[in-house]
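Being a predicted model, the structure only gives us computed values, none of them experimental.
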Amino acid sequence: MADGARGTMTGAGTRTNERTLRHEVWRRYDGNDWQAFDALPPSIRQRVSQHSYDAWSVNVLMLWRHYKRSYGPTVRAEKALIRYLDYCERLERDVFATRYGEQYGMPLPHMAAGVSVQR
């Protein structure tokens with residue numbers, strides 16, 4: 001599903017407060033973020049709230065529906081989705097770090113320091 005989530009952000013012509021490279025990596029699906037967040041299981045909501053960037057709850061709900069079809073609505077499905085969200089967060093961090101290095105000629109400071117992302 002990672003490749004299916006890539007692309008341009010929905011509503012690219014609309015103004016947002018997004019100031020990151022995420023629109024170059026992921027596609028953001030339209031929908032009500034709060035309703036989507038409320039529809040997620042508690043463990044997924046907790047992980048989404050800890051994501052270093054806005055995890056786009058509508059996208060996460062779409063992924064949750066996929067994982068429920070694959071695994072059933074089980075703890076195993078929740079853990080698999082959490083692992084996938086961790087993976088996506090690492091991908092985003094790598095994209096940001098690469099762009100930062102290209103732009104400033106040095107590693108992203110917190111990565112150079114070997115520390116984790118502050119949540």
Side chain proximity check, [X] to [Y], heavy atoms < 4.5 angstrom:
X: Val58; Y: Asn32; answer: no
X: Asp33; Y: Arg28; answer: yes
X: His110; Y: Arg93; answer: yes
X: Leu40; Y: Gln46; answer: no
X: Arg47; Y: Asp86; answer: yes

Could you measure the distance from the [atom1] atom of [X] to the [atom2] atom of [Y]? Nearest 0.5 Å is fine.
X: Tyr67; Y: Ile82; atom1: OH; atom2: CD1; value: 11.0 Å
X: Leu85; Y: Arg90; atom1: CG; atom2: CZ; value: 11.0 Å
X: Lys79; Y: Thr74; atom1: NZ; atom2: OG1; value: 10.0 Å
X: Tyr71; Y: Leu81; atom1: OH; atom2: CG; value: 9.5 Å
X: Met62; Y: Arg27; atom1: CE; atom2: CZ; value: 7.5 Å
X: Ile44; Y: Phe37; atom1: CD1; atom2: CZ; value: 10.5 Å

Donor-acceptor contacts, no H, no angles, side chain residues 101-109, under 3.5 Å, sequence neighbours left out:
none

